[in-house]
Amino acid sequence: MIVDVPDCLFCGIAAGQIPATIVLDGKRTLAFRDINPQAPTHVLVIPRDHYDDVAAVAEAGGGLLDELVSSARAVAEAEGVEDSGYRVVFNTGADGGQTVGHAHAHVLGGRPMTWPPG
Ligand code: 5GP
Ligand code: ZN
């Protein structure tokens, strides 16, 4: 883990250097709206510190992955989709569709999701 990676988009958002619409501001996590929303609710939850992907967050331990998932649930509650349902997605690696190399959970809701994903 490296606390702040130069040229990392989400490190820049966590540092407040790149603007984002913040939904929940936690000590170790930050939730903000996706710039290209795929559902009425589309929020990204990141660890403030840099980890390449969710596997690295899991490996680091210390309850950070629990906090990410708890923050995802808090986002769903704040957005009013906890009862209708929502999807939490960690795209991981190239085939997983990960395009930003700073771990993040997508929280998607406000419409029925389809399965399988594309
Ligand atoms: P991934 O493709 O890595 O799973 O997800 C990256 C997400 O970051 C995409 O859904 C994309 O729309 C979003 N994103 C990319 N650049 C920005 C940005 O500058 N600001 C915000 N808020 N979201 C971004
Ligand atoms: Zn980063």
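These numbers were taken from a predicted model, which means no experiment stands behind them. Both counts, for ligands and for their atoms, begin at 1 and track the order of listing.
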Would you mind finding which of Leu9, Asp34, Ile18 brings a heavy atom closest to atom 7 (C) of ligand 1?
-> Asp34

Which atoms of ligand 1 have any heavy atom of Gly97 under 4.0 Å away?
-> 1 (P), 2 (O), 4 (O)

Under 4.0 Å from any heavy atom of Gln98, which atoms of ligand 1 are there?
-> 3 (O)

The closest protein heavy-atom partner of atom 3 (O) of ligand 1 is Thr99 N, 2.7 Å

Which residue holds the protein heavy atom closest to atom 22 (N) of ligand 1, what is that atom called, and what is the gap in Å?
-> Arg33 O, 2.8 Å

Near Phe32, which atoms of ligand 1 are under 4.0 Å from a heavy atom of that residue?
-> 22 (N)

Side chain, backbone, both or neither: the part of Phe90 lying under 4.0 Å from ligand 1 by heavy atom = neither

For ligand 1, does Leu44 get within less than 4.0 Å through its side chain, its backbone, both, or neither, judged by non-hydrogen atoms?
-> side chain

Verify ring-ring contact (aromatic ring centres under 6.0 Å, His included) between Phe10 and His104, making sure each step is shown before the conclusion.
-> CA-CA 9 Å; Phe10 289 174; His104 52 280; 5.3 Å; yes

Closest protein heavy atom to atom 20 (N) of ligand 1, given as residue, atom name and distance to 0.1 Å | Ile35 CB, 3.7 Å

Mark up the atoms of ligand 1 that fall under 4.0 Å of a heavy atom belonging to Asn36, in ascending order.
-> 12 (O)

Hey, which atoms in ligand 1 end up nearer than 4.0 Å to a heavy atom of Asn91?
-> 4 (O)

Test item, Ala20 contacting ligand 1 (heavy atom, 4.0 angstrom) = no

The closest protein heavy-atom partner of atom 1 (P) of ligand 1 is His104 NE2, 3.2 Å

